[in-house]
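To start, the structure itself, in structure tokens.
Throughout, residue positions are numbered sequentially from 1 according to the sequence presented.
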Amino acid sequence: MAITINIYYTGTGGAAHKFAQEMLDTGVVSAIRAEEGNLRYDYFFPMDDPETLLLIDSWADQAALDRHHGTAMMERIAALREKYDLHMRVERYTDAPDAPQDAGFIRQ
């Protein structure tokens with residue numbers, strides 16, 4: 001069962017944007033995306049909150065996420081969070097079956 005984690009990073013003075021840029025520039029994001037079981041690792045910025053960064057992080061299953069958490073990459077991410085003094089809020093979701101009644105609301 002796939003797992004999606006939304007992580008909201010919040011800081012001050014543009015720290016969240018700088019964090020994301022450094023994650024991209026140093027290859028950390030590319031390395032995570034290349035990990036076995038990673039389905040998605042994308043950053044977004046809420047239009048109404050310039051000091052927050054949203055990470056949508058999806059994994060094939062809990063085992064893949066556990067392997068990721070056991071890598072040295074996590075130490076690099078933690079160090080960057082400290083460097084930019086970011087605070088986190090986390091939401092966790094698992095796949096649900098499609099609801100046919102929702103089809104009428106989805107424009108493709």
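- Residues Met73 and Ile56 do not share a hydrophobic cluster, defined by chaining ILVMFWY side chains whose heavy atoms lie under 4.5 Å apart.
- With contacts defined as side-chain heavy-atom distances shorter than 4.5 Å, the pair Tyr8/Leu53 does not qualify.
- The residues Asp42 and Arg33 are annotated as salt-bridged, a charged nitrogen and a carboxylate oxygen being separated by less than 4.0 angstrom.
- Hydrophobic clustering (side-chain heavy atoms under 4.5 Å, transitive across Ile, Leu, Val, Met, Phe, Trp, Tyr) keeps Leu80 apart from Phe44.
- In this structure, the side chain of Ser30 does not engage the main chain of Gly27 through any donor-acceptor pair within 3.5 Å.
- In this structure, the side chains of Leu55 and Asn6 stay at 4.5 Å or more apart for every pair of heavy atoms.
- Across every non-hydrogen atom of Ala64 and Glu36, the tightest pair is CB-O, 4.0 Å.
- To the nearest 0.5 angstrom, Ile3 atom CD1 is 9.5 Å from Ser58 atom OG.
- Residues Leu65 and Ile5 are in side-chain contact: their nearest non-hydrogen atoms beyond the backbone lie under 4.5 Å apart.
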Check against ring-ring contact (aromatic ring centres under 6.0 Å, His included), His87 and Tyr9
CA-CA 6 Å; His87 301 275; Tyr9 292 103; over 10 Å; no
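- A pairwise comparison of heavy atoms in Met23 and Tyr41 identifies CE-OH, 3.4 Å as the closest pair.
- Using a 4.5 Å heavy-atom cutoff, the side chains of Met74 and His68 are in contact.
- One hydrophobic cluster, built from ILVMFWY side chains closer than 4.5 Å, holds both Val29 and Phe45.
- Between Thr10 and Leu86 the shortest side-chain heavy-atom distance does not fall below 4.5 Å.
- No side-chain heavy atom of Arg40 sits less than 4.5 Å from a side-chain heavy atom of Thr4.
- For the residue pair Glu22 and Tyr84, a side-chain donor N or O sits within less than 3.5 Å of a side-chain acceptor on the partner.
- Contact check for His17 versus Tyr43: no side-chain heavy atoms found under the 4.5 Å cut-off.
- Salt-bridge annotation for Glu91 and Arg89: present, with a side-chain N of the basic residue lying under 4.0 Å from a carboxylate O of the acidic one.
- Connection of Leu24 to Val28 is established within a shared hydrophobic cluster, with ILVMFWY side chains joined at heavy-atom distances below 4.5 Å, either directly or through further cluster members.
- A donor and an acceptor atom, one from each side chain of Asp61 and Trp59, are nowhere located under 3.5 Å apart.
- A distance of 11.0 Å separates NZ of Lys83 from CZ of Arg76, quoted to the nearest 0.5 Å.
- Pairing each heavy atom of Ala2 with each of Leu39, the nearest pair is CB-CD1, 4.0 Å.
- Residues Met88 and Leu54 do not share a hydrophobic cluster, defined by chaining ILVMFWY side chains whose heavy atoms lie under 4.5 Å apart.
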